[in-house]
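For the numbers below, each heavy atom of this structure counts, side chains included, while hydrogens, waters and symmetry mates do not. From a predicted model like this one, the values you see are computed outputs, not experimental measurements.
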Amino acid sequence: MPVNNKVIVIGALNYDVCLKLKKLPEEGETNFADSVEYCSGGKGGNQAVQAAKLGLRTCMFGCIGNDLSGAFLKENLEHFGVDTAYLRVIDGSSGMSVAQSLYDGGVRASVVRGANGAVDQTDVDAAAGIMEAGDIVVLQLEIPVSVAEYAICKAKEKGGYVILNAAPAAPVSEEVLKKVDLLIVNEVEAGFYAGCKIDSVGRAELEIHRMAERCGGSCIVTLGKAGSVLRTDGKSLHIPSKQVKAVESTGAGDSYIGGICWALLNGMDLFHAAAFATCCSAKTVCRTGGQPAMPSLSEAMAMYQKE
């Protein structure tokens, strides 16, 4: 049966420069990267691409600059099937990220906000104009937090299911958090909201119930190689990661969120949705390039059905 509801992503788009290197430079040191890749990124863009690659109708709301990077970002989204009709072009530069990717799969990144800082309530209002009850609305915090909060409120007014990927971590109104249906954070972001270091599955299991209470809905803490911890309906579950040979982790967390969207819109409960999303991120880390590395539905399903 085809899925009638859609995914609406309101978020950031970045032109990514990805350096592959053996080790990070020390302070004052210059070293050589082995290679460089130029690709389309940003948490919002990445999450939209994964949802679209899985076959969901996906609409992207955000801002790009009137530069070559902005044109590249828009074209790349369209290549993967994302509806870009609602992107707003502003004078100035697009968002940009420079990522240093190590051979053990670790990534360090610096981001220039650029046009992403111009996303405002008019963009949210445009998104609200196409929202329908049952749509999934995905937000992150690479756009101004006040705009993300406004979007959460608008989405709930329209009967949407709100996923907040609180990344990078930043203070969010407690009142607004109560309207979030699903909060997804990694261990660093979870530590910010919990007020303590989250460095193990056990610690995540101890803290996640309080985080879920704060957001009023469900909560997932992703832990990289250690998998993820989920809490919903008063129950918690640890979902282990897939044992794969990781090439790099760029976009893995965003792939996970795209997978959650597909699973929820296709009738899975949150526990099974998290298991499917884990397969999406596992496939992503096996290839380079973020969005190009993200799996198709058949690839993700092949791994999921082996369980």
Just jot down the side chain to side chain donor-acceptor pair (under 3.5 Å) partners of Y150, sequence neighbours excluded, or say none. D125
Rounded at 0.5 Å granularity, tell me how far CG in L13 sits from CG in D16. 10.5 Å
Just by modelled atom types, is the R113 backbone N or O under 3.5 Å from a matching donor or acceptor in the N116 side chain? yes
I would like to know whether Y256 and I220 meet side chain to side chain contact (heavy atoms under 4.5 Å, CB included); could you show each step before the answer? CA-CA 11 Å; Y256 185 97; I220 294 175; 3.5 Å; yes
By salt bridge (Lys or Arg N to Asp or Glu O under 4.0 Å) - contacts of E213 (at least two apart): none
Spacing of L182 atom CG and L230 atom CG [to the nearest 0.5 Å]: 8.0 Å
Is atom CG of D233 surrounded by more than 12 heavy atoms (other residues, nucleotides or ligands) closer than 6.0 Å? no
I'd like to know whether S255 forms a side chain to side chain contact (heavy atoms under 4.5 Å, CB included) with I257, so could you lay out the CA-CA distance, the side-chain angles of the two residues, the decisive distance to 0.1 Å, and finally the verdict. CA-CA 5 Å; S255 176; I257 291 170; over 6 Å; no
Looking only at heavy atoms, the pair that brings V7 and C261 closest together is CG2-CB, 3.9 Å
For a side-chain hydrogen bond (donor to acceptor under 3.5 Å, both in side chains) with D254, tell me which candidate from Q291, K43, Q47 qualifies. Q47
N76 and S40 have their tightest heavy-atom pair at ND2-CB, 3.2 Å
Report the residues that fulfil ring pair (Phe, Tyr, Trp, His ring centres under 6.0 Å) with Y15, sequence neighbours left out, ordered by chain and then residue number. F72
Salt bridge (Lys or Arg N to Asp or Glu O under 4.0 Å) pairs touching residues 214-225, sequence neighbours excluded, are E174-R214
Any donor-acceptor pair under 3.5 Å linking the side chain of N5 with the backbone of A133? yes
Just by modelled atom types, is the G290 backbone N or O under 3.5 Å from a matching donor or acceptor in the N46 side chain? no
Determine whether a donor-acceptor pair (N or O, by modelled atom type, separation under 3.5 Å) exists between the side chain of D269 and the backbone of F271. yes
With a 4.0 Å cut-off, would you call D135 and K6 a salt bridge? yes
Y193: which residues meet the ring pair (Phe, Tyr, Trp, His ring centres under 6.0 Å) condition with it, sequence neighbours left out? none
Can you pull the salt bridge (Lys or Arg N to Asp or Glu O under 4.0 Å) pairs that have at least one residue in residues 45-62, sequence neighbours excluded? none
Please check if the side chain of Q50 supplies one atom and the backbone of P295 the other of a donor-acceptor pair under 3.5 Å. yes
How about S94 and D67: does a side-chain donor come under 3.5 Å of a side-chain acceptor? yes
Taking side-chain contact (heavy atoms from CB on, under 4.5 Å) as the test, write out the residues that go with A109, two or more places apart. S97, A99
Does atom CG of L68 have more than 12 heavy-atom neighbours, drawn from other residues, nucleotides or ligands, at distances under 6.0 Å? no
For the backbone of K23 and the side chain of N31, can you confirm whether one donor and one acceptor N or O come within less than 3.5 Å of each other? yes
K179 meets the side-chain contact (heavy atoms from CB on, under 4.5 Å) criterion, sequence neighbours left out, with I152, C153, K156
By the salt bridge (Lys or Arg N to Asp or Glu O under 4.0 Å) test, which pairs, at least two apart or in different chains, include something from residues 158-170? none
Please assess E149 against S173 for the test side-chain hydrogen bond (donor to acceptor under 3.5 Å, both in side chains), listing each intermediate value before the final yes or no. CA-CA 8 Å; E149 291 177 335; S173 160; 4.7 Å; no
Sequence neighbours left out, what passes ring pair (Phe, Tyr, Trp, His ring centres under 6.0 Å) with Y38? Give chain and number order. none
Evaluate the side-chain hydrogen bond (donor to acceptor under 3.5 Å, both in side chains) criterion for residues S236 and E205: first the C-alpha distance (whole Å), next the side-chain angles of each, then the deciding distance (0.1 Å), finally the verdict. CA-CA 7 Å; S236 299; E205 289 174 331; over 6 Å; no
Pairs where residues 287-296 contributes a residue and the test salt bridge (Lys or Arg N to Asp or Glu O under 4.0 Å) is met, not counting sequence neighbours: R287-E299
For D91, all residues meeting salt bridge (Lys or Arg N to Asp or Glu O under 4.0 Å), sequence neighbours excluded: none
Are any side-chain N or O atoms of H238 and backbone N or O atoms of A226, one a donor and one an acceptor, separated by less than 3.5 Å? yes
Separation of E187 CD from D199 CG (nearest 0.5 Å): 9.5 Å
Single-linkage hydrophobic cluster, 4.5 Å side-chain cutoff, V138 and V176 together: no
When rounded to the nearest 0.5 angstrom, what distance separates OG in S281 from CD1 in I260? 9.5 Å
Which atom of V124 lies closest to which atom of A151, heavy atoms considered: CG1-CA, 3.5 Å
Out of curiosity, I208 CD1 to R203 CZ, how far, rounded to the nearest 0.5 Å? 13.5 Å
L139: which of V162, I163, V180 passes side chain to side chain contact (heavy atoms under 4.5 Å, CB included): V162
Tested for side chain to side chain contact (heavy atoms under 4.5 Å, CB included) against Q140, the lone hit among L164, I10, V9 is V9
Would you call E207 and R210 a salt bridge, using N to O less than 4.0 angstrom? yes
Side-chain donor/acceptor of D123 to backbone N/O of D120, under 3.5 Å: yes
Chi angles and distances behind the side chain to side chain contact (heavy atoms under 4.5 Å, CB included) call for M96, V111: CA-CA 6 Å; M96 180 180 181; V111 178; over 6 Å; no
To the nearest 0.5 angstrom, please state how far the CG atom of L270 sits from the OG atom of S218. 5.0 Å
Search all heavy atoms of T278 against all heavy atoms of P240 and return the closest pair with its distance. CG2-O, 3.7 Å
Are the side chain of E189 and the backbone N or O of N186 linked by a donor-acceptor pair below 3.5 Å? yes
